[in-house]
Each structure stands twice: as structure tokens, then as C-alpha cells.
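Working notes, beginning with the structure itself.
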Amino acid sequence: MISRTVKQALQQFVPAENIRYEEPLKNHTTFRIGGPADCMISVDSAVQMQNILWYLRQVDLPFFILGNGSNLLVGDGGYPGVVLRMTDGMNAVTVDGCRVRAQAGASMAKAARVAMEHGLTGLEFASGIPGSTGGGVIMNAGAYGGEMSQVVESVTVLDPGGEILTLDNETMCFGYRTSAIKTGGFVVLECVFLLQSAPQEEIRERMDDFAGRRREKQPLEYPSAGSTFKRPRDHFAGKLIMDAGLRGLQVGGARVSDKHCGFIINCGDATAADVRALMERVQEEVFTRFHVRLEPEIIMLGEF
């Protein structure tokens, strides 16, 4: 619960119309699942973000930076804290030579499209990833053989003390679905991609090819958080789940996709509890059959 004192203080940092209380997070996630956040603030600039984070840390209020709401499962009890959502003031994408500068709130699809329009290759893999650039950097997002680690030149962040820093690729310590930002408590402000020149039509063809493969193999017609589990060493999560006979397994409104067993989908009325129960069932069955422990790729947020 947000106190009156905190509510009054927050209006010093952003306009009152940028602040919502008891905001349903199901309206802001690709899973279409999640209870209310105590408070949601739309942040229009890096300065606003810097000031708000300073204040929230001073009063010891938990916060979460929300990108496009993909790769996220919010509990049915909601989030007992402040959700910060980057708006239009933090989603610009610009080009300078072979460098593409994307603010953290810009979608990865937008960054890839702008790169293509300027004849720059390297971001095609990101064209169908539904997350924001900030989230993609944090998770070292990837698809079809490409990863953020291959194209990121530098990342501008806020450190836990409120200072603005620029980290180079090596300092980012990218790994499989992780980075120094994920483990170090940084907040992404923008990212610079270093790409290569190529014919625009070739870039467009690769993006169209990736889009066709996604439509063919992924359950894009249903709400989901993308791949539910990380790829285990020497295995594929979806194949393990399929080979365990779990295709179409359903708990409440949550279901293992018939189209791609690596996805858990919301059939229309799934709760977070449904998804959690189904995930645990899948993990148990796969471990029993193959002695492989599946680790969640999606982030769990809030009260379950």
C-alpha cells in the first residue's frame, strides 16, 4: 500500500497523470496474466528515472522496471511496490553510420526495423522478439543463432547509487540469458549496436524468413511469455517436454502448447497459479523421465 506521503512525493518527479494506483498488470504483459501493482509510473526521461529511483531507494520501496511485459509472469496477488514503465520519451532509435542507438523503452522489433531501413545487418534475429531493448540487453536475448552479445557495443545504465555509467561489451559479462546488468542491479537507459552494411533487400528477406518460421512453429495466436524454460545443456526444453508426453497438458487455463511444447500458453482465463502449477508438473515429469532439471526462463514477479 502506498502512503499519502509517498503519493504526494511522487508528484514532485512526474506529472500526476503519469501515476496510477492499483493498476492491473495483466493489461501490461504478453501473458495477459497478473494482479494489480500498488503503483505504476510512466517515466518519460532518464532524469525522471534517476530521480524516482533515488527516492524509492530512500524510502525503501520495492520497484520493478517494466519493458514490453514479455518473458514475465506476474502473480495473481499483484506486485506490492512501484512498477516503472518507460514511455514514448524513452523509446527513440537513431542511426549514426554503422551504429544504432536505441533507448531502453524501444522495442527490439523497432530497433531491427530501423537498422534494416538504413541498410544495417546484425539485428535481424531481434525482429520478432517481443521485448524491449532494455529487457533484451539484460537477458542477452537471442533467436535463430543471433544474440545481443554479438551486436552490443555499449550500454548506458544507472548504477544502484544513481550514477550514469557506460559499460562496454566486455564489461557486460554476457552469458546465456544473463548479463552483468541482471546480476548487478543496474537499470538500462540506452544501448548502442555496432552493425555492418548490407543490401536492404537481403536484410528484409532474412527478417521475413524468421517471421515465417515463427508463425509456423510458435503459438503466436495465444498469449504467452515466450519460451517458458531455458535451454538445458545438450538438450532442447521443448523436445524434452514433448518426449515426456506432455504436449497439450493443461492446468486450468494454462496449457502446454500443441504447436511448440516449449511454450505454455494462456487459453483465455489462465491464472498465475495455473501457470506455476503447470510449470512444476512439467519440471517433475521431465526430471523423472530424463533426469534433466528445467529452469524457468520467464521472470516471476509479485505475490503468488
Side-chain angles (χ1 to χ4, degrees), residues 2 6-57 61-72 74 78-95 100-115 123 126-127 129-139 141 148 155-159 162 164 181-182 185-193 223 225-226 299 301-302:
I2 306 296
V6 171
K7 290 180 178 180
Q8 291 173 341
L10 290 175
Q11 293 183 39
Q12 299 176 32
F13 306 116
V14 296
E17 58 266 26
N18 285 30
I19 306 173
R20 299 180 185 177
Y21 298 101
E22 296 300 313
E23 176 68 12
L25 291 177
K26 67 180 181 180
N27 297 336
H28 302 278
T29 67
T30 59
F31 232 149
R32 300 292 179 259
I33 294 172
D38 285 351
C39 177
M40 175 176 279
I41 302 176
S42 297
V43 183
D44 296 324
S45 69
V47 172
Q48 284 185 1
M49 182 69 76
Q50 193 173 23
N51 291 334
I52 292 168
L53 290 179
W54 174 85
Y55 176 74
L56 294 177
R57 287 179 170 126
L61 259 178
F63 62 86
F64 181 80
I65 312 295
L66 180 70
N68 285 5
S70 61
N71 200 45
L72 181 66
V74 178
Y79 181 67
V82 178
V83 171
L84 302 171
R85 185 173 65 91
M86 298 180 183
T87 56
D88 291 348
M90 297 189 73
N91 72 2
V93 178
T94 58
V95 176
V100 173
R101 184 180 300 272
Q103 291 182 302
S107 70
M108 293 184 67
K110 178 179 180 180
R113 184 179 69 253
V114 170
L123 271 177
S127 60
I129 296 177
S132 65
T133 297
V137 170
I138 292 169
M139 295 295 294
M148 298 291 271
V155 184
T156 301
V157 301
L158 279 173
D159 73 8
I164 296 178
I181 295 175
K182 183 178 180 182
F186 299 102
V187 174
V188 179
L189 296 178
E190 68 176 28
C191 175
V192 176
F193 300 106
I299 297 167
L301 179 70

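Each residue takes its place number in the sequence, starting with 1.
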Looking only at heavy atoms, the pair that brings Leu66 and His28 closest together is CD2-CB, 3.8 Å
Separation between CG (Leu56) and CG (Leu10), nearest 0.5 Å, reads 6.5 Å
**OP:** Go through the steps to decide whether Lys7 and Tyr21 satisfy the test side-chain contact (heavy atoms from CB on, under 4.5 Å), and finish with yes or no.
**Re:** CA-CA 10 Å; Lys7 290 180 178 180; Tyr21 298 101; 3.1 Å; yes
Are the side chain of Asp38 and the backbone of Ile2 linked by a donor-acceptor contact shorter than 3.5 Å? no
Between Ala16 and Gln11, the two heavy atoms sitting closest are CB-OE1, 3.8 Å
Note: Ala104 and Met86 closest approach over all heavy atoms is CB-SD, 3.5 Å
**Request:** Return yes if some donor-acceptor pair links the side-chain N/O of Gln103 with the main-chain N/O of Asn91 below 3.5 Å, else return no.
**Result:** yes
Backbone N or O of Ala112 within a donor-acceptor pair of the Ser127 side chain at under 3.5 Å?
no
- Test item: Tyr79 side-chain N/O and Cys39 main-chain N/O as donor-acceptor pair under 3.5 Å: no
Separation between OG1 (Thr133) and CG (Asn68), nearest 0.5 Å, reads 8.5 Å
Between the CG atom in Leu72 and the OG1 atom in Thr30, the distance rounded to the nearest 0.5 Å is 7.5 Å
How about CZ on Arg20, more than 12 heavy atoms from neighbouring residues, nucleotides or ligands closer than 6.0 Å, or not? no
d(Ile41 CD1, Gln48 CD) to nearest 0.5 Å is 9.5 Å
Under the side-chain contact (heavy atoms from CB on, under 4.5 Å) rule, what do Val83 and Glu23 come out as? Steps first, then yes or no, please.
CA-CA 9 Å; Val83 171; Glu23 176 68 12; over 6 Å; no
- Message: Within the structure provided, determine whether Leu53 and Leu84 are in side-chain contact (heavy-atom separation under 4.5 Å).
- Response: yes
- Message: Can you confirm whether Met49 sits close enough to Ile65 that some side-chain heavy atom of one is under 4.5 Å from a side-chain heavy atom of the other?
- Response: yes
Rounded to the nearest 0.5 Å, the CE atom of Met90 sits from the OG1 atom of Thr87 at a distance of 8.0 Å
| query | So do the side chains of Asp44 and Val14 get within less than 4.5 Å of each other, counting heavy atoms only? | reply | no
What one should report as the nearest heavy-atom pair of Gly302 and Pro80 is CA-CD, 4.4 Å
Q. Is there side-chain contact between Phe186 and Val188, with at least one heavy-atom pair below 4.5 Å?
A. no
The reported gap from CG in Leu25 to CZ in Phe64 (rounded to nearest 0.5 angstrom) is 9.5 Å
Exercise for the section: Please assess Val157 against Leu189 for the test side-chain contact (heavy atoms from CB on, under 4.5 Å), listing each intermediate value before the final yes or no. Expected result: CA-CA 5 Å; Val157 301; Leu189 296 178; 5.9 Å; no
Nearest heavy-atom contact between Ser132 and Met108 is O-CG, 3.5 Å
Do Val6 and Tyr55 have side chains that get closer than 4.5 Å, going by heavy atoms?
yes
Scanning both residues in full, the closest heavy-atom pair of Arg57 with Gly185 reads NH2-O, 3.9 Å
Checklist entry - If we only count heavy atoms from C-beta on, is the Val100 to Val192 side-chain gap below 4.5 Å? => result no
